[in-house]
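Read the structure below first, then the notes.
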2 protein chains.
Amino acid sequence: MTQPHVEFPEHRSLGTVAMQWHGNRLELLDQRLLPNEEVWLTLDSASGVATCIRDMVVRGAPAIGISAAYGVALAARQATGEHWALSIEAAIKELAESRPTAVNLFWALNLMQKALFECRTPEAAVLRLAEAAIRIHEDDINANLTMAEHALAVMEEDSPFSVLTHCNTGALATGGYGTALGVIRRLHEAGRLRQVYADETRPWLQGSRLTAWELMRDNIPVTLNTDGAAACILAQGHVKWVIVGADRITANGDVANKIGTYSLAILARHHKVRFMVVAPFSTLDMSLSSGQSILIEERDGTEVREIRGHALAPEGVEVFNPVFDITPAALIDVIVTERGVVRNPCATGMKTLFED
Amino acid sequence: MTQPHVEFPEHRSLGTVAMQWHGNRLELLDQRLLPNEEVWLTLDSASGVATCIRDMVVRGAPAIGISAAYGVALAARQATGEHWALSIEAAIKELAESRPTAVNLFWALNLMQKALFECRTPEAAVLRLAEAAIRIHEDDINANLTMAEHALAVMEEDSPFSVLTHCNTGALATGGYGTALGVIRRLHEAGRLRQVYADETRPWLQGSRLTAWELMRDNIPVTLNTDGAAACILAQGHVKWVIVGADRITANGDVANKIGTYSLAILARHHKVRFMVVAPFSTLDMSLSSGQSILIEERDGTEVREIRGHALAPEGVEVFNPVFDITPAALIDVIVTERGVVRNPCATGMKTLFED
């Protein structure tokens, strides 16, 4: 018996996305191999998707959440017999354990769990969970498109200007289009973009490996630079905005984001270049009053000591390798979400995003 | 007939130097292979030394100048016959062409040429040129030791503190001890150093490859960090001074130095961390009124796109790869030379270094 397919609808250009849902299978672009190789993996089970999340085939908080949702939809296609619902719940649990610290992952799986509760038969679950995953995917894209419109309304420059960005926040990191890179994509579509400067973003090099690749693929003019050259670029005067994403935003507008973001915010303020943070509403964590409550997670020093197994530094040298840093709200000119923008963010301003 | 040797005298600990003069040969540590391999090359000719300079076996402006001087001394040992002086001059010319932009190289070779003029016989030249090269080497070390004493007198902190540095300005880059890293070495000797944070210094990674290696060898506590993590470290409050070297200092106190230095100066000022530049008097270029007169040289993008032949970025991506940047004097708290220090550098202050 052939199970019904629910496919992802056609969209206008969303950039080079890293996932494709084909109704009965999920295809993921192996981001570990970029930019050297473009290899697509085909997944037909939740376990396969969980492995891809764990092994960083897919990265970027929104992209992880969406992939996991499709993983649940795949689990439904394999769920038969008396305990069909339990087997889907086991898949949800397995996916939840694939990247235990990713907030978007839990958020997406929670929505999938709710959709599962509505299903009375395994046949209904196949359709309902595919629809729910597609809905999560579409909502993410729509949020990105809305953020881009909000952001463009904020940027009042008359003639095309350059921007500088950090890490990868593009179509690859999301369901499509991107957050900060979505804004940059929209600037390009509107003929308002002169040049994107992309920090290479040590130690993981998402700027070199992913952002530069994605922008070149989409014919958006990109220049790559070391993180240490950003100040030199800002001093030249062409860059009017630094545009970055966020991992978490606290109630006062402080922003946790990829290591190097805080440095950029200080450099932007010094050069009177404006600093924009673009992130979906789900990134807001109103339970934390400020960024000082966020523990700065450190990762293994091997990421700094080595690159692709080649030693760059003496064996055993001590390394300080924080994953992200905290940019205080006072250094941020505007925070953009799909629910609206907050200029000169502070606790009062952030609350306006929760008003109907 | 055995020629007489003039050997380099014993010194107190100067750190892990990258060159050793043994009277009839020069040994150079191949810095290209650090930190993975420690290979010493033995040179007995000026041509061999010129090749080592050209191929970056030895790097760091002072170290290049000293090596070249020893190269001339080696040429004297091979100069025989009627045209002995001409053959030494040919060696000077060959060495001068090895790294055409290195100011210290010409300065050292000029001193060697003057010493050659004083010699009437090839036998005299063997001794005189070896003595002159050793003198250049010793003067460099003495300048480093003097700068370190001057710098320590400026730093008034009572209890041990941490410092942050950029690139490599140590024993490896000089005749021994180091400029900025010499100051850090002296702080350690004086029991006033808590921890050195070393920027990895993209794209060449002199921080990872050389500074971390040199400090570990000398048991000076070092923590390596990506350039983008420096702001995060300064925000922690342990670092009281950022200490860097200089490639050139203009008449108003602006400093050209390795890319990333300007960024650090802005970050230091933002965090109220003091910023010190340590460089020999020969680094001063009073012919330039300010750093704005310095053309920012760019190097090939391959240095950013690849590491050890491995692609990090898409093929052909445009790269902005400036070699150095300009730190305006207003961001510098103190410039230290062997002739004295200039606090809050400006044109008037810099002139005091020229007073007797």
Side-chain angles (χ1 to χ4, degrees), chain A residues 34-36 166 195 197-203 205 207-209 212-213 215-217 221-233 235 258-267 269-271 296 301 303-305 307-308 310-322 325-326, chain B residues 34-36 166 195 197-203 205 207-209 212-213 215-217 221-233 235 258-267 269-271 296 301 303-305 307-308 310-322 325-326:
Chain A
L34 293 178
N36 304 323
H166 194 71
Q195 187 75 18
Y197 288 94
D199 274 358
E200 64 172 358
T201 317
R202 283 282 290 153
L205 297 164
S208 318
R209 296 195 303 105
W213 182 84
L215 292 177
M216 282 178 85
R217 285 272 296 221
V222 59
T223 298
L224 187 64
N225 57 269
T226 61
D227 304 334
C232 199
I233 291 166
K258 186 67 67 233
I259 185 70
T261 303
Y262 171 49
S263 177
L264 271 185
I266 296 166
L267 300 177
R269 182 57 55 94
H270 180 84
H271 292 96
I296 298 208
E303 294 176 343
V304 179
R305 278 191 293 260
I307 205 153
R308 301 203 177 157
H310 293 265
L312 306 175
E315 202 180 326
V317 64
E318 189 182 320
V319 171
F320 175 59
N321 184 27
D325 55 27
I326 309 295
Chain B
L34 293 176
N36 303 324
H166 195 70
Q195 187 75 18
Y197 288 94
D199 273 358
E200 64 172 359
T201 317
R202 282 283 289 153
L205 296 165
S208 318
R209 296 195 303 105
W213 182 84
L215 292 178
M216 282 178 84
R217 285 273 296 222
V222 59
T223 298
L224 186 65
N225 58 270
T226 61
D227 304 333
C232 199
I233 291 166
K258 186 67 69 232
I259 186 69
T261 302
Y262 171 48
S263 178
L264 270 186
I266 297 167
L267 300 178
R269 182 60 52 97
H270 180 85
H271 293 97
I296 298 209
E303 295 176 341
V304 180
R305 278 191 292 259
I307 205 154
R308 303 204 175 154
H310 293 264
L312 306 175
E315 201 179 326
V317 64
E318 190 181 320
V319 171
F320 175 58
N321 184 26
D325 55 27
I326 309 295

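Sequence lines set the chain letters: A, B, ... in the order given, protein chains first and strands last, and positions in each chain run from 1.
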Determine the option with the most heavy-atom pairs under 4.5 angstrom with chain A, choosing from [options].
| options | answer |
| --- | --- |
| B:Asp227, B:Asp325, B:Val304 | B:Val304 |
| B:Leu205, B:Leu215, B:Leu267, B:Ile307 | B:Leu267 |
| B:Gly207, B:Gly316, B:Ser263 | B:Ser263 |
| B:Val222, B:Leu264, B:Ile326, B:Asp199 | B:Val222 |

Which atoms of [X] come close to chain B, meaning under 4.5 Å heavy atom to heavy atom: side chain ones, backbone ones, both, or neither?
| X | answer |
| --- | --- |
| A:Arg308 | side chain |
| A:Asn225 | both |
| A:Glu315 | backbone |
| A:Leu312 | both |
| A:Pro314 | both |

Check: A:His310/B:His310 side-chain N/O donor and acceptor closer than 3.5 Å:
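A pair is found: one side chain offers a donor N or O, the other an acceptor, under 3.5 Å apart.
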
By a 4.5 Å heavy-atom criterion (distance strictly below it), what part of B:Pro322 contacts chain A: side chain, backbone, both, or neither?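 Just the side chain, heavy atoms under 4.5 Å.
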
Inset, instruction - Counting only heavy atoms closer than 4.5 Å, note whether B:His271 contacts chain A via side chain, backbone, both or neither. - result: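 Only the side chain of B:His271 comes within 4.5 Å of chain A.
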
Quick check on the interface: out of [options], who has the most heavy-atom pairs with chain B under 4.5 Å?
| options | result |
| --- | --- |
| A:Gly301, A:Ala231, A:Gly260 | A:Ala231 |
| A:Lys258, A:Arg305, A:Arg217, A:Glu318 | A:Glu318 |
| A:Arg209, A:His270, A:His166 | A:His270 |

Which atom of B:Ala313 lies closest to which atom of A:Leu224, heavy atoms considered =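 Heavy-atom minimum between the residues: CB-CD2, 3.6 Å.
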
Within a strict 4.5 Å, meaning less than it, do heavy atoms of the B:Thr223 and A:Val317 side chains meet?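 No; the side chains remain at least 4.5 Å from each other.
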
- Message: I need the A:Ile266 CD1 to B:Arg269 CZ distance, nearest 0.5 Å.
- Response: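 Nearest 0.5 Å value for the CD1-CZ distance: 13.5 Å.
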
**Prompt:** Given B:Ile233 and A:Phe320, is the side chain to side chain contact (heavy atoms under 4.5 Å, CB included) satisfied, shown in steps?
**Reply:** CA-CA 9 Å; B:Ile233 291 166; A:Phe320 175 59; 3.4 Å; yes

